[in-house]
Number of protein chains: 2
Amino acid sequence: MSSVSDQQGKPDAQPGDPQPRMKSGDRRELIVVAAAGVFGDFGYFGTTTDQVAKAAGVSQPYVSRMFGTKEQLFLEVLARSLRTLLSAFTAEIAAGTGPGLPARIGLAYVELLRDRGLLLSLMHAFVLGGDPAIGTAARAGFLEVYRLLRVDAGFSAGEARDFLANGMLINTMVGLRMSDEFETNDLANECLRTALPEKLDLVLNLGKEQRSDR
Amino acid sequence: MSSVSDQQGKPDAQPGDPQPRMKSGDRRELIVVAAAGVFGDFGYFGTTTDQVAKAAGVSQPYVSRMFGTKEQLFLEVLARSLRTLLSAFTAEIAAGTGPGLPARIGLAYVELLRDRGLLLSLMHAFVLGGDPAIGTAARAGFLEVYRLLRVDAGFSAGEARDFLANGMLINTMVGLRMSDEFETNDLANECLRTALPEKLDLVLNLGKEQRSDR
DNA sequence: GTCTATACCAAGATAGAC
DNA sequence: GTCTATCTTGGTATAGAC
């Protein structure tokens, strides 16, 4: 997946560099993806539209112009995150139900960590349930995931709970940057290993990236 | 537990009402408790010092004056939340280890929902692990809880994980205000019942309060 | 110890050029 | 479609009175 500005043969997002013109929809997608990363790190209120703009390599007013409000942008990030998650799960279900499904959906979930900020943006949305717009969308999204697990995937109520509980724990530990302590703290080490028996390396690599771009 | 201003025989926190003088430490505690509620609803960045001041019935500059910065205030809320949680767990351990301990600690955890904003403030802190000050404190707190479970309470790694995972799921559903949908949405209903086999009413009552003071 | 008034800054959104 | 310049608001922190 080459970065968009490669089509011009130029490096990404140089500060004052005017961006090449682009179809509105493509640029929109680009900004939403960049926004997911920033919202994942700082949450809805903690993120500025300028941070998003910088991450996407466009000007701050352009972000406002394109999405109207920061809230609208966040809602689009949320929608994209849920869409991606639901289709990843749906793909596993389509690949066959049966005793192996929970494990496969679990792996698919962890793989979503590759999509920078996807799960963390969701998590930030989930803890803002009191917000009129965000809370409504977040609840609906969570319930849609629950429905998919129970109905489409055929999980029992207990299986769905266990799955979601583990997911929330993983999200929390990623949000906590627990991987920062992986080598230096035995408890952190064990905690990560226990919560992520598979794909531990994914979280650790993620942690390195995060540390380097602060 | 009577509210502090009752000692004056007056109703709480009237808008322009100058607050009675009080020992600095008492007022501090009062503000930290009020702040926990607000931070729990809106998170660190989403909360204004003015909201906290209103909730505590003092003036906004007084909050700044007393805590220096919003960050310092949040760190004190975080510290108080962790202290309360750890001593609740410690009390259960002191009451006896053995096969019943996990269940008792689980109940003690859910009881913490009575302390408005306690678990939600923690949750907001956990997803801000990238913040230099908050992240550091949050990681240390989380690991201290993990240590207590593994060492003091004698949980196995798997038990500790299961316990924490369920805790994070409960926090998430509370943050999501899932209880808003309890009566109208069958999936939400089942999801809450499954995650909170005990003390479901506690979350539902909490939900009512939250809805009424928005 | 607590308030009122205010300075100061950061951030979201708008206007208008290109 | 995208930028620069700017208006406006809201929020933190400070000064100073009581």
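Predicted model, so just to flag it, every value in this text is computed and none were measured. Protein chains get the first letters and strands the later ones, always in sequence-line order, with residue 1 at the start of each.
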Subject >> Gap between atoms CD and C1', on A:Q19 and D:dG1 respectively (whole Å) >> reply: 11 Å

Original post:
Out of D:dA13, C:dT14, C:dG1, which nucleotide sits closest to the side chain of B:Y62?
Top reply: C:dG1

**OP:** Quickly work out the B:K54 NZ to C:dC3 P distance and round it to whole Å.
**Re:** 12 Å

**OP:** Return no unless some side-chain N or O of A:S59 is found under 4.0 Å from OP1 or OP2 of D:dT2.
**Re:** no

Subject >> Atom pair distance, as rounded to whole Å: CZ in A:R21 and P in C:dC18 >> reply: 14 Å

**OP:** Just do the side chain to side chain contact (heavy atoms under 4.5 Å, CB included) check on B:R80 and B:E29 with the steps written out, would you?
**Re:** CA-CA 9 Å; B:R80 190 192 91 100; B:E29 171 72 3; 3.7 Å; yes

Subject >> Interatomic distance, A:E71 atom CD to A:L78 atom CG [nearest 0.5 angstrom] >> reply: 11.0 Å

Subject >> Whole angstrom value for the distance that separates C1' of D:dG10 from CZ of B:F45 >> reply: 17 Å

Subject >> Audit row: A:R147, A:E144, salt bridge (charged side-chain N to carboxylate O under 4.0 Å, His left out) steps and yes/no >> reply: CA-CA 5 Å; A:R147 194 206 60 76; A:E144 179 59 16; 3.5 Å; yes

Subject >> Separation of atom CD in B:Q51 from atom P in D:dG11, rounded to whole Å >> reply: 7 Å

Subject >> Separation of D:dT6 C1' from A:D50 CG (nearest whole Å) >> reply: 15 Å

Subject >> Nearest to side-chain heavy atoms of A:R65, which nucleotide of C:dA15, C:dT2, D:dA13 >> reply: C:dA15

Original post:
Taking atom P of D:dA13 as reference, at what distance in whole Å does atom CZ of B:F74 sit?
Top reply: 15 Å

Original post:
Between A:F89 and A:Y109, what is the ring plane arrangement, given parallel below 30°, perpendicular above 60°, and tilted in between?
Top reply: tilted

Original post:
Base, sugar-phosphate, or nothing: which does A:V63 touch, judged by heavy atoms less than 4.0 Å apart?
Top reply: nothing

Original post:
Just checking B:S24: base, sugar-phosphate only, or nothing, at a heavy-atom cut-off of under 4.0 Å?
Top reply: sugar-phosphate

**OP:** To the nearest Å, give me how far apart CE (B:M66) and C1' (D:dT14) are.
**Re:** 17 Å

**OP:** Using a heavy-atom cut-off of under 4.0 Å over every strand shown, decide if A:T48 touches base, sugar-phosphate, or nothing.
**Re:** sugar-phosphate

Subject >> First encountered from the 5' end of DNA chain C, between B:G25 and A:G68 >> reply: B:G25

Subject >> Point-to-point distance, once rounded to the nearest 0.5 Å, from CG of A:D186 to SG of A:C191 >> reply: 12.5 Å

**OP:** Indicate whether OP1 or OP2 belonging to D:dG11 is found under 4.0 Å from a side-chain N or O atom of B:T49.
**Re:** no

Original post:
Considering only heavy atoms and no angle criterion, is a donor-acceptor pair shorter than 3.5 Å present between the side chain of A:Q60 and the base of C:dA13?
Top reply: yes

